[in-house]
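This is a predicted model, so every value here is computed, not measured. So you know, we letter chains A, B, ... as the sequences are listed, proteins then strands, and number each from 1.
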There are 2 protein chains.
Amino acid sequence: MASASPKILSASPASTDTVDNSYLRTLVGYNARRASLSIIEVFMERMAVYGLKVVDFSVLSLVAHNPGITSRQLCATLGVLPPNLVGLIAALDRRGLIERRPHPSDGRAMGLHLTPAGEDLCGQAEQTAAQLEVDATARLTATERKTLIRLLQKVYD
Amino acid sequence: MASASPKILSASPASTDTVDNSYLRTLVGYNARRASLSIIEVFMERMAVYGLKVVDFSVLSLVAHNPGITSRQLCATLGVLPPNLVGLIAALDRRGLIERRPHPSDGRAMGLHLTPAGEDLCGQAEQTAAQLEVDATARLTATERKTLIRLLQKVYD
DNA sequence: TATTGTTATACTCTATAACTATA
DNA sequence: TATAGTTATAGAGTATAACAATA
């Protein structure tokens with residue numbers, strides 16, 4: 001965005017819209033958060049088409065690749081607390097995307113499974129996610145994208 | 001954490017604590033969010049010593065490097081909405097860390113400045129942040145850390 | 001005694017509408 | 001008319017405590 005009337009720019013540091021954030025930009029945390037938010041933003045937009053929030057997508061995808069997974073395991077994997085997952089699971093159940101079946105070996109737990117409708121929606125959503133990722137990181141080459149993922153995993157693994 | 005009794009691991013996919021999240025790990029967004037959260041977690045812990053939240057630190061640092069900056073400019077730079085910055089600024093003012101002076105050329109705005117106490121605290125916090133960054137990304141070499149920052153900025157710039 | 005799933009609830013963060021005073 | 005700062009408020013996200021059923 002080219003700014004208008006740059007004539008009166010004086011020596012005063014924050015006079016117009018020029019803010020010096022060069023120090024914050026030296027911090028990994030600042031950059032990771034900014035990049036994360038910019039990708040999540042696109043994620044939210046495109047998942048809204050399916051009526052899914054980001055965490056809904058994560059749940060569907062994990063259930064798809066781990067049929068019979070329990071709520072407790074989802075919580076541990078996604079960093080969500082059990083009480084906050086209850087309503088989310090119930091909503092996906094009500095929409096007919098997942099099923100809660102009695103766990104084969106633990107009477108307390110429920111095994112989660114995708115319904116055919118859930119399989120279908122999850123498949124579409126995963127394709128959308130793959131495309132979205134490329135779009136949201138369009139300034140990266142394929143190699144850079146791989147490097148970025150490798151370094152990010154090195155941080156949190 | 002070594003898991004106990006791995007003997008009874010059967011063919012059932014999500015029987016114990018083994019969850020397959022390999023698909024999610026192919027997504028930049030997932031990895032960026034996980035890495036971001038793991039760094040922010042350490043950030044919160046160490047900033048708590050100064051009674052600062054992450055956003056408080058960002059505000060102090062931006063005011064330090066941009067004396068006279070306005071609330072509006074902080075909002076634009078940090079992605080915070082104006083109503084949500086009001087209480088935050090007021091609290092830093094009450095603590096004697098920043099001052100709100102009338103803006104020299106715009107009667108509606110207030111220019112923000114650090115007090116001597118604010119300068120002091122911000123300096124300490126910035127040093128803590130620099131050390132924290134290295135600790136929170138200890139598995140990265142200095143070169144990898146630089147590369148990571150460059151790629152993250154390429155995503156959101 | 002410990003754990004799964006659940007309810008109720010509180011706290012924080014983020015978002016929207018509307019007002020005031022200045023531009 | 002538009003913008004800076006503010007108030008009030010609503011909504012989403014995240015947190016803890018406690019309970020019933022089962023291990």
Side-chain angles (χ1 to χ4, degrees), chain A residues 3-5 8 14-17 19 33 36-37 40-41 43-44 47-48 51-59 63 68-94 98-112, chain B residues 3-5 8 14-17 19 33 36-37 40-41 43-44 47-48 51-59 63 68-94 98-112:
Chain A
S3 70
S5 68
I8 323 202
S15 54
T16 57
D17 56 333
V19 174
R33 178 165 168 77
S36 172
L37 288 177
I40 300 282
E41 188 179 8
F43 222 101
M44 287 194 296
M47 285 303 146
L52 298 177
K53 306 195 177 196
V54 179
V55 64
D56 296 319
F57 170 79
S58 302
V59 167
V63 174
I69 191 174
T70 66
S71 290
R72 185 67 187 71
Q73 289 176 306
L74 283 176
C75 286
T77 307
L78 295 175
V80 177
L81 292 170
N84 301 326
L85 196 66
V86 173
L88 201 153
I89 297 285
L92 294 175
D93 191 351
R94 252 180 278 120
I98 66 172
E99 271 182 2
R100 282 181 278 192
R101 304 187 200 150
H103 193 281
S105 65
D106 188 335
R108 299 167 300 181
M110 302 291 286
L112 300 174
Chain B
S3 71
S5 68
I8 323 200
S15 54
T16 57
D17 57 334
V19 174
R33 179 166 166 75
S36 171
L37 288 178
I40 300 281
E41 188 179 6
F43 221 101
M44 287 194 297
M47 284 303 146
L52 297 178
K53 307 197 174 191
V54 178
V55 64
D56 295 319
F57 170 79
S58 302
V59 166
V63 174
I69 192 174
T70 66
S71 291
R72 184 67 188 71
Q73 289 177 308
L74 283 175
C75 286
T77 306
L78 295 175
V80 177
L81 292 169
N84 301 327
L85 196 65
V86 174
L88 201 153
I89 296 284
L92 293 176
D93 191 351
R94 252 180 279 120
I98 65 172
E99 272 183 0
R100 283 181 277 193
R101 305 186 197 150
H103 193 280
S105 65
D106 187 336
R108 299 167 300 181
M110 302 291 286
L112 300 174

What's the closest nucleotide to the side chain of A:Pro83 if the choices are D:dT16, D:dT7, D:dA2? D:dT16
Both A:Gly79 and A:Ser105 contact DNA chain D. Taking the nearest nucleotide for each, which residue is further toward the 5' end? A:Gly79
Minimum heavy-atom distance between B:Val59 and B:Leu74, given as atom pair plus value: CG1-CD1, 4.0 Å
Separation of C:dG5 atom P from A:Ile89 atom CD1, nearest Å, is 9 Å
Write down the atom of A:Ser36, the atom of B:Ser36, and the distance for their closest heavy-atom approach. CB-CB, 4.3 Å
Tell me: CG of B:Leu81 to P of D:dT6, nearest whole Å? 15 Å
In short, A:Asp93 meets A:Ile98 closest at the heavy-atom pair OD1-O, 3.4 Å
B:Met110 CE to D:dT3 P, in whole Å, measures 21 Å
Without decimals, in angstroms, what is the distance between A:Gln73 CD and C:dT4 C1'? 11 Å
Once you round it to whole Å, what is the distance between P of C:dT6 and CG of A:Leu74? 12 Å
Quick one: on DNA chain D, does A:Arg108 or A:Val80 contact a more 5' nucleotide (nearest heavy atom)? A:Val80
Looking at the base of D:dA4, is there any donor atom on it, or on the side chain of B:Asp106, that sits under 3.5 Å from an acceptor on the other one? no
Which nucleotide in the list C:dG5, D:dT6, D:dA4 gets nearest to the side chain of A:Ala109? C:dG5
Calculate the interatomic distance between B:Arg100 atom CZ and D:dA4 atom P; express it in whole Å. 16 Å
Do any side-chain nitrogens or oxygens of A:Lys53 fall under 4.0 Å of OP1 or OP2 in D:dG13? yes
State, yes or no, whether a side-chain contact exists between B:Thr70 and B:His103 at a heavy-atom distance under 4.5 Å. yes
Heavy-atom closest pair (B:Ser71 atom, B:Leu85 atom, distance to 0.1 Å) is O-CD2, 3.6 Å
Tell me whether the OP1 or OP2 atom of C:dT4 has a side-chain N or O from A:Arg72 closer than 4.0 Å. yes
Nearest whole angstrom, please: distance from the C1' of D:dG13 to the CG of A:Leu78. 15 Å
Measure the distance from CE on B:Met44 to P on C:dC11 and round it to the nearest whole Å. 18 Å
